[in-house]
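Contents: one structure, followed by commentary.
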There are 2 protein chains.
Amino acid sequence: MSDVATSAQPPRDFEALRTAILERRQDLPKRLTQVAAYALDNPDEIAFGTAASIAMSANVQPSTLVRFAQHFGFDGFSGLQLLFRTRLRERNSSYEDRLRQLEQGGAALTESASLLHGFIGAAHRSLDTIAGAVEAERFERAVSILAGAETIYLIAKRRSYPISSYMAYAFGKLKVRFQLVGTSAGIDDDMLAMATPQDAAFAISFSPYASESARQARIMAARDVPVVSLTDSAFSPLAECSREWFEVVEADHAGFRSLSASMALAMALTVAIAETRRRK
Amino acid sequence: MSDVATSAQPPRDFEALRTAILERRQDLPKRLTQVAAYALDNPDEIAFGTAASIAMSANVQPSTLVRFAQHFGFDGFSGLQLLFRTRLRERNSSYEDRLRQLEQGGAALTESASLLHGFIGAAHRSLDTIAGAVEAERFERAVSILAGAETIYLIAKRRSYPISSYMAYAFGKLKVRFQLVGTSAGIDDDMLAMATPQDAAFAISFSPYASESARQARIMAARDVPVVSLTDSAFSPLAECSREWFEVVEADHAGFRSLSASMALAMALTVAIAETRRRK
DNA sequence: ATCGATCTGGAATATTTGTTCCACGTTGAC
DNA sequence: GTCAACGTGGAACAAATATTCCAGATCGAT
């Protein structure tokens, strides 16, 4: 009586459904495969649409949707749709909303925990900002400048230093020649003196700008070494002496600015440079 | 004939509706005020629910919802609901979805741009993971261990080093005594030899673990210096010699793991430690 | 090629859901 | 206190939406 092809119990949450679909995708009939693909590609559509509208844009019959749902153990299409909706509800909430949910759920957040969540929130916001702020062309130009360099000089102090030290680590693994400027005291200027126009510099500095970084970037620029920089304002001293520069404004929490956006940009730059070189 | 109380044309998007509601909230009849409050407080409910279910949880009649919608120029409840839904769609979209929107919107993403977005996505995911993964009690214990230390020894190599270098920067600004272990070659062990049980160590290491970091953490532990660590697995060599440890699994893109979650945790720890000390 | 099993499309049906309508309350002006 | 205007609840209605059903198509095994 019971159909063996249909799982007895429906997946409890969206992730479970997703894996179930992926697992059984192979041995699903043609139209159901079609629905499966559509569902995973357009989850929002399924959450909001009506059976009829979804069926139309997935090029199937409404009944096929019902069959699809039943194949995965639901009563009907509505049961399946519910999963897509609750997923949306949970996902949707902004970081602040999610925090509020956390607070309501468990005991009230301790001060420390709210600190952590504050920094996480700031990082999220930073990342959101940068996603739209970096133009692809600009990025490409920066990559091509740096990929063409024999040696890349990394200039960063204080708060920016962790970023350059990450780049140094990654460049090392990717076999890209670099010099980390500013680690050991004193020899920086000697190091910079070796740079030629065939090299390039990547300078990072955020307000309040370390005067040392700006000075070093200017030295490089004066010697015709192309400079690419990452800073937080068009009025930054770095902007004026750079062939190409990125403006990244990090969100802050408790007076401490995030580094996430800068870090993501730095990682992307690093990998893109290595990738470009590998091709040549 | 035409009712002056209802605006002729309905708000075009959610924000417009929101302001409209806020503006007219004062001179709205009792039940409609009730709906207005409910709508702004539970936008998700309105987006997903049916008129009946919403009416019930807002303690009004379904017809009131319709009247409410009509007061703001909509044909009926459905028109109003649409605004709540599209808002959700736009807000909700996951990072991947947003990327897809970006792709569709502008020209196709260049390879470099998609790299950047990939890293941004990985960072977002990492942050999402850590938000739920760090228990408040554990965090508190770690803070109290480190806040009680005279000097905090920061142990990190390679990929973890940017994190410790950020902490070093922040500790410096916050006037917390620390020693960054692992910068200059050779003298590390001598530095560690000066540590006493009144100090503490914070070690960071991710797979593949730098054997040096593990060794140094063990040395500290053997000398009864409390060790707090940040690592990515319960089987990490750091876990076994730590008084307290955090497991943070970073998402990756193109084989490069994010640092955002670790960085956020590190920042929170740092500030919490300074804050705790300030109180004493 | 034939048969059986399974899949598919589309119309018919049942259910849910939004909307309308009207009698009853409530409020405020005179 | 009366009246008019407006607000409210709830039931009746209409529209939409999901589901069921079945005849015909498709596919695979023999």
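The structure displayed is predicted, hence computed values, not measured ones. Protein chains get the first letters and strands the later ones, always in sequence-line order, with residue 1 at the start of each.
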Rounded distance (Å) that lies between atom [atom2] of [N] and atom [atom1] of [X]:
| X | N | atom1 | atom2 | answer |
| --- | --- | --- | --- | --- |
| B/Asp75 | C/dT17 | CG | P | 21 Å |
| B/Lys30 | C/dT26 | NZ | P | 9 Å |
| B/Leu82 | C/dG18 | CG | P | 13 Å |
| A/Phe48 | D/dT17 | CZ | P | 15 Å |
| A/Met56 | D/dT17 | CE | P | 12 Å |
| A/Leu80 | D/dT19 | CG | C1' | 14 Å |
| B/Ile54 | C/dT19 | CD1 | P | 11 Å |
| B/Gln61 | C/dC24 | CD | P | 17 Å |

Should A/Leu40 and A/Leu22 count as side-chain neighbours, where that means a heavy-atom distance under 4.5 Å?
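Yes, close enough: below the 4.5 Å cut-off.
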Given side chains that start at C-beta, do those of B/Phe256 and A/Leu174 come closer than 4.5 Å, heavy atoms only?
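Side chain of B/Phe256 against side chain of A/Leu174, heavy atoms only: contact under 4.5 Å found.
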Can a side-chain donor-acceptor contact be found between A/Tyr38 and A/Ser57 if the only test is distance below 3.5 angstrom?
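Yes, side-chain donor-acceptor contact under 3.5 Å.
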Report, as yes or no, whether the 6.0 Å neighbourhood of atom CG on B/Asp75 holds more than 12 heavy atoms from other residues, nucleotides or ligands.
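Check fails, neighbour count at 12 or below.
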Output the single nucleotide from [options] whose closest atom is nearest the side chain of [X].
| X | options | result |
| --- | --- | --- |
| B/Ala51 | D/dA18, C/dG18, C/dT8 | C/dG18 |
| B/Leu32 | C/dT19, D/dT8, C/dT17 | D/dT8 |
| A/Phe77 | D/dT19, C/dT20, D/dT17 | D/dT19 |

Closest-nucleotide ordering on DNA chain C, the 5'-leading residue of B/Arg67 and B/Ser78
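Going by which nucleotide is closer to the 5' end, it is B/Ser78.
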Side-chain N or O of B/Ser63 closer than 4.0 Å to phosphate OP1/OP2 of C/dC21
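False: B/Ser63 side-chain N/O out of range (4.0 Å or more) of C/dC21 OP1/OP2.
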Please determine if a side-chain N or O atom of A/Gln70 lies less than 4.0 Å away from the OP1 or OP2 oxygen of D/dT20.
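Looking at the OP1 and OP2 atoms of D/dT20, one of them is under 4.0 Å from a side-chain N or O of A/Gln70.
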Any N/O donor-acceptor pair, B/Thr64 side-chain to D/dG7 base, under 3.5 Å
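Under the 3.5 Å cut-off, the side chain and the base do not form any donor-acceptor pair.
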With a 6.0 Å cut-off on ring centres, are B/Phe48 and B/Phe84 close enough?
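So the answer is no for these two rings.
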